[in-house]
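Taking it in order: structure first as structure tokens, then the write-up.
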Amino acid sequence: VWVTPRHIIVNSTTVELYWSPPETPNGLISQYRLSRNGTFVFLGGQEKQHFTDQNLEPDSRYIYKLEATTGGGSSSSDEYIIQTPILTPKEIQPPYNITVIGPYSIFVAWTPPGTLIPQMPVEYNVLLNAGSIAPLIYSVGHRLSTLLENLASFTQYEIRIQACQNGSCGVSRRTFVKTSETAPMDLKPPILRALGAACIEVTWMPPEKPNGIITNYFVHRRSSGLEEETLVFVWAEGALGFTDDAADALRPFTFYEYHVRAHNSRGSVESLWSTVRTLEAPPQDLPAPWAQATGAHSVLLSWTKPDFPNGVISQYRVVYRERADDPTFTLPTVHAFTVMGTRQEAHLFGLEPFTTYHIGVVATNQAGEVSSPWTLVQTLESSPSGLSNFTVEQKEGGRALFLRWAEPVRTNGVIQTYNIFSDGTLEYTGLSRQFLFRRLDPFTVYTLTLEACTGAGCARSAPQPVQTDEAPPRSQAAPEVRSVGSTSIELSWSGPVNPNGKIIRYEVIRRCFEGEAWGNQTVQANEKTVFTEHNTEGNAFMCNDTGLQPWTQCGYKIHAWNSAGHTCSSWTVIRTMPAPPEGLSPPEITYVSVNPPKLMISWVPPQQCNGLIQSYRLQRNGRLYPFSFDAVTFNYTDGELLPFSTYSYTVTACTSGGCSSSSPTSITTHEAAPAGVSPPDLQAVSATQIHVTWSPPSIHNGKLTKYLLRCDGQEYLAGQSLSLLVPHLQPYTQYIFSLVACTEGGCTASVSKSAWTMEAPPRDMDPPTLQVTGSESIEITWKPPRKPNGRIRSYELRRDGTIVYTGLETHYHDFTLIPGVEYGYTVTANNSQGGILSPLARDRTSTSAPSGMEPPKLQARGPQEIAVNWDPPVRTNGHIINYTLFICELFERETKIIPINATHDSFGTRAFVVNQLTPFHSQDLSRRQMAYSEGHWTEFNVWAVNSAGKAASSWTRCRTGPAPPEGLKPPEFHAVSSTQAVVNISTPGTPNGIISLYRLFSNTTSGAEAVLSEGRATQQTLHGLQPFTTYLVGVEACTCFNCCRKGPTAELRTHPAPPSGQGSPHIQTLASRTASFQWSPPLFPNGVIQSQPETKYMGPGTRASLGGLQPYTTYRLRVVAHNEVGSTASEWFSFTTQQELPQYRGPFSVVGNLSMLCVNWSSSFSLNGPLKEFVLTDGGQRMYSGVDTTLYIPRTADRSLVLTTPGEKKGSGSKNTEFYSELWFIVLMAILGLILLAIFLSLILQRKIHKEPYIRERPPLVPLQKRMSPLSVYPPGETHMASWKLPFIGMTD
């Protein structure tokens, strides 16, 4: 509000004030209020923006404030101060002659004011638009007329005459005048907007400087790029605009230019040209396209633009359809595709061969489209299409086929020949559509393809599989033995070489020989069908013949059947395997010794051996012993036994056909002392009790009879219980416990385990020790409680009940105390359970001289008495002992001294009555000061004055009070460590009093000061410093409470200390064999960190990478930070590398005796991950899968063992190399391959040499109508060849 105040001083009593609307009105201004010196003098609406304030006092200062009001409230301006002049010229008349000379100048003449200040020159100013935002002032000096120039044309001006004397000015009334017109200026180009293809809207703005009244506007138009223009509109009144819709003059999508000429009475001005383009219209006159066939399926098309595009052609649409041969049928479907408007040709694909098409083009812009006339074009020939399959008839019992076929659906030209291919071999060529295909194999699928050819190319039908009829099968192979058991034989076989049809079943025929198992067979049994297989879809078949006698010779053959007959294979002879023994009795057990326990296990041979007994094996508690016994050993002594344990023994007898086990025999050994006694679990439940629990021993070795608990030389009987509460213990004390478990066989003690009782509130806290170090400081030290009963977490130091320190230190230096005051200190020691308060310790700070003593107040009580009253010192700095009153008469040199004991009980007020004085006696004092080296001294003398003259006394000298010391030096340091330093303080050069306190301070980085120590001694020790830290230490010396001065600082750098606060590293990247880590520097380096990680990396960095790690392995890592003093280590950090596939390292070991093999693969693999299972195979059959690394197997024959882990290489432990890797086998297979290759080549060459020119001699084909002669089987010009390769004819899209 009223940001730019304006005013005009009319005279010494009248002021005109002007204002503008607020810069941010925030609403509609409803009223303005103007106040003068706090009183409102004007109230008006928003249209009133000036006010004339009259009847003011000359030479007065007025403060104005303007208040603007909206519906939302009011806001006031800043104060605007106006000073009225003492005296101004009066009766100033407006100009009597105002003549407009032209559009830019006015002549003005006026008369002198009616009232002037006598003998004072007058100066005149002509004011134009006074009170406006931009007023004009013309100074004319003492003249009474002037020519005002450089004015604006056709502009109204307010003219006022200002007369000034001695810096005080008055103004006349306002007069208005307007300058004459001139030609307009600065006319902007018109604004154009296209409304249609032949319609443009033209609007314009008045000239920025009309310089008069615009009477006409003339609008001209011209085509873009041409100079010829046309007047299209003359404006006289109304809106500044018109619409040009001359359809005969405007063309669609054409650039036109317009300009405007403005006229007033003095001239005209032209604008620049503006350009606009009319809107688009549908294109016109598109000629027919030109088309040329480029292939059987494509046409090349080109066209020209429309004669009148009437816009931007955005796209061309090519439309086409087939020509209808019969106009009575429905017209074919019209197809179309689009191309960009910038192209005028297109290649049309996907047409039908040898077909006539109507083709046209449609041009499109944003306004519409136009179509061209149709153009006819015919595509070229192509190969036929739509070939159908053969009609097939079986002939000659599955050894011939009679084929017939129809013409193609679309010949796409004249058919010149038909070709028939069987599995890619040409079998027929000609124009006839039937053919007898002979000399075929029964029940064989032949893939037939029909090919039809025109002059442009050939086309083939889809391959058609045709199967000939069935015949009896041939060449059935004998069955193969897959596995042989003692009572079963498993067989497998494949289908016949020539099934000649679909096999419907297989029959397995068996015949066996009866007789002694170890002798010759004497009786041959009849043949018997033991298995029939009806599921013949597969290539391999199996059957398992069971119910056989062990070690019996049998023969097997296969019958294969189809719908036409069957065939038989040759015999396969095999013998069954021996069976496990039967009737094995449980073993007998007898004691050999009781301690240590030993047992003898005995057994007898089985009742039925079922073969030759090769070995006996013994099992204990279901686990086999890792060794076996020969056939003549029948006992074993077992010495690896545990007391009070039940053992079950089973004997196993083995033949080459297998093993059988007896029923188990059980026995329990005698008791012994328990084993595996774990230490007890300890849990503190209070400060004096520990709850002890334990678990039974892992090996009882008998029935437990009691538990004993041992603790620091004492035993606690627990009976059969598994817990005990131990009472009457000391708080926060470590106790060591061990558990003793007993059976009838003895007792066993566990290892020791310790626990701490809980904390209790501390006890027996001694009072602190106080040492006064100055008038303003006391050093307090204390000791921990004699019974802390826990870990002290903090100490609280209280001064007179107020906490001044909290922490773990046992000393504190209390500063900023008051001199001569007694303070009481207590220390509270706290742990997690509470605290203990020490007794109170008291001491008093050193005293210093009082300061701030005001002069006494005197009151005469009579001719010889004066009452003296005084106030205590502002700072007593100790206990006031006495006051001394000095009385000095004016004409006497003696001073009377009266001491007053302030410590006496009768002294209650600070008042005293001085008597025996001389009546009506006065004094007059004067003084002078002199400076001495030992301090400031002042000398006084007294002058006695009467009417005759004056006389002076001799001088009396006294010393002034203390002042801040001067000439302080920086401190010196020695015996500096990482946390302490001894400081020597030099005496100030000018003490200015007695030094009562030295204070050592340090400037921190934030600019604050910290007090390190204070006292009277010139050598002080600084405690609690940070290692490897730079301090700026200075000395502050004091002679009184407010008489202190700080000296310059000196740099103190503490020594390094071992670092602390090292954090553990964390993983950045982790792989199977590498890992990278990052860590942060120590929280307190306390020096320059020289190296950090341990073992694998050394250096000042904060990251490292480790290589050469093993997959799926857990490593422990920590960071050790070193500086020049020591080191600190982080907590151990564990990580596990990523897993990899298992790795084969070496063959497994195989050891054994005559009857057993022990396979051990514990060192054969690097697992590199969690183990899933090991798989052991023998000759392709799985023998074992699991996580064990040792296996015992019977020795029956040479084995080929292969061990694998999931996803990894195989490991072999066979004694014999695989036969297919032997050199003799490789050479044999190579020779056999060469022989077979030679036989194959000879057969092919022999067939080629003796082959006739024609592959087959067929009988004449017999058509249905008439019989044909042999010579007419193939028409003239046709050939029937064994092999014919047709060139491939590509088709162009």
Side-chain angles (χ1 to χ4, degrees), residues 595 642-646 668-766 782-796 806-808 810 827-839 1131-1132 1134:
N595 191 14
L642 297 175
F644 200 66
S645 299
T646 300
T668 301
T669 57
H670 296 289
E671 291 188 15
V677 180
S678 301
D681 294 328
L682 309 176
Q683 181 181 6
V685 296
S686 68
T688 60
Q689 294 177 331
I690 293 179
H691 185 245
V692 186
T693 59
W694 57 87
S695 58
S698 59
I699 303 175
H700 288 193
N701 289 339
K703 183 178 180 181
L704 295 175
T705 58
K706 63 180 177 179
Y707 290 102
L708 293 175
L709 199 63
R710 294 175 180 171
C711 175
D712 295 342
Q714 295 185 0
E715 286 190 353
Y716 300 89
L717 180 61
Q720 295 286 340
S721 177
L722 296 179
S723 64
L724 182 66
L725 184 66
V726 181
H728 309 303
L729 303 178
Q730 294 297 321
Y732 200 66
T733 303
Q734 185 179 20
Y735 290 91
I736 300 175
F737 291 86
S738 63
L739 178 67
V740 178
C742 298
T743 65
E744 294 295 337
C747 297
T748 303
S750 70
V751 297
S752 299
K753 191 173 183 180
S754 63
W756 291 77
T757 52
M758 290 185 177
E759 296 186 1
R763 296 171 56 191
D764 301 339
M765 183 70 181
D766 294 330
W782 60 91
K783 294 181 180 179
R786 293 194 296 276
K787 293 182 180 180
N789 291 339
R791 183 172 64 87
I792 299 299
R793 297 174 180 264
S794 66
Y795 291 102
E796 295 178 354
T806 300
L808 289 174
T810 56
V827 178
T828 302
N830 299 303
N831 60 15
S832 62
Q833 299 299 315
I836 179 65
L837 181 67
S838 72
E1131 297 293 332
W1132 284 103
S1134 298

The single option from Val740, Val677, Leu708 passing side-chain contact (heavy atoms from CB on, under 4.5 Å) against Cys747: Val740
Compare every heavy atom of [Y] with every heavy atom of [X], then report the nearest pair and how far apart it is.
X: Ala760; Y: Ala687; result: CB-CB, 3.8 Å
X: Tyr707; Y: Pro696; result: OH-CA, 3.6 Å
X: Pro761; Y: Asn789; result: O-ND2, 3.0 Å
X: Thr806; Y: Ser794; result: CG2-CB, 4.4 Å
X: Pro680; Y: Phe737; result: CG-CB, 4.2 Å

For a side-chain contact (heavy atoms from CB on, under 4.5 Å) check, start with the C-alpha distance between Ser750 and Ser678, then their side-chain angles and the critical distance, and finish with the verdict. CA-CA 6 Å; Ser750 70; Ser678 301; 5.9 Å; no
Going by atom types only, do Gln734 and Ser754 share a side-chain donor-acceptor pair under 3.5 Å? yes
Distance-only, no hydrogens or angles: does the Asn701 side chain make a donor-acceptor pair with backbone N or O of Gly745 under 3.5 Å?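 No, because the side chain of Asn701 does not come within donor-acceptor range (under 3.5 Å) of the backbone of Gly745.
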Flag yes if more than 12 heavy atoms outside Glu1131 fall under 6.0 Å of its CD atom; otherwise flag no.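 Open: at most 12 neighbouring heavy atoms sit under 6.0 Å from CD of Glu1131.
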Answer yes or no: are there more than 12 heavy-atom neighbours, outside Arg763 itself, under 6.0 Å from its atom CZ?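 No - once you tally the heavy atoms of other residues, nucleotides and ligands closer than 6.0 Å, there are 12 at most.
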Do the non-hydrogen side-chain atoms of [X] and [Y] ever get within less than 4.5 Å of each other?
X: Leu709; Y: Leu739; value: yes
X: Asp766; Y: Arg786; value: yes
X: Cys742; Y: Thr748; value: no
X: Asn830; Y: Ile792; value: no

Compile the donor-acceptor pairs under 3.5 Å between side chains in residues 668-676 and protein atoms, sequence neighbours left out, one pair per line.
| from | atom 1 | to | atom 2 | distance (Å) |
| --- | --- | --- | --- | --- |
| Thr668 | OG1 | Thr646 | OG1 | 2.9 |
| Thr669 | OG1 | Leu642 | O | 2.6 |
| Thr669 | OG1 | Phe644 | N | 2.8 |
| Thr669 | OG1 | Ser645 | N | 2.9 |
| Thr669 | OG1 | Ser645 | O | 3.4 |
| Glu671 | OE1 | Glu744 | N | 3.4 |
| Glu671 | OE2 | Lys703 | N | 3.4 |

Hey, what do you get for [atom1] ([X]) to [atom2] ([Y]), rounding to the nearest 0.5 Å?
X: Thr693; Y: Gln683; atom1: OG1; atom2: CD; value: 7.5 Å
X: Asp712; Y: Tyr735; atom1: CG; atom2: OH; value: 7.0 Å
X: Thr828; Y: Ile836; atom1: OG1; atom2: CD1; value: 8.5 Å
X: Tyr732; Y: Trp756; atom1: OH; atom2: CH2; value: 5.5 Å

Which pairs pass salt bridge (charged side-chain N to carboxylate O under 4.0 Å, His left out) with one or both residues in residues 747-760, sequence neighbours excluded?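 Sorted result for residues 747-760: Asp681-Lys753.
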Return the set of residues passing side chain to side chain donor-acceptor pair (under 3.5 Å) with Asp764 (not counting sequence neighbours), or none when no residue passes.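 Asp764 satisfies side chain to side chain donor-acceptor pair (under 3.5 Å) with no residue once adjacent residues are dropped.
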Contacts of type side chain to side chain donor-acceptor pair (under 3.5 Å), residue Ser838, not counting sequence neighbours: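 Partners of Ser838 by the side chain to side chain donor-acceptor pair (under 3.5 Å) criterion come out as none, since no residue qualifies.
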Sequence neighbours left out, what pairs pass disulfide bond (SG atoms under 2.5 Å apart) with at least one residue falling in residues 707-740? none
Kindly list each side-chain donor-acceptor pair under 3.5 angstrom involving residues 713-731, sequence neighbours excluded, with atom names and distances?
| from | atom 1 | to | atom 2 | distance (Å) |
| --- | --- | --- | --- | --- |
| Gln714 | OE1 | Tyr716 | OH | 2.9 |
| Glu715 | OE2 | Arg710 | NE | 3.1 |
| Gln720 | NE2 | Leu704 | O | 2.9 |
| Gln720 | NE2 | Thr705 | O | 2.6 |
| Ser721 | OG | Ser723 | N | 3.2 |
| Ser721 | OG | Ser723 | O | 3.0 |

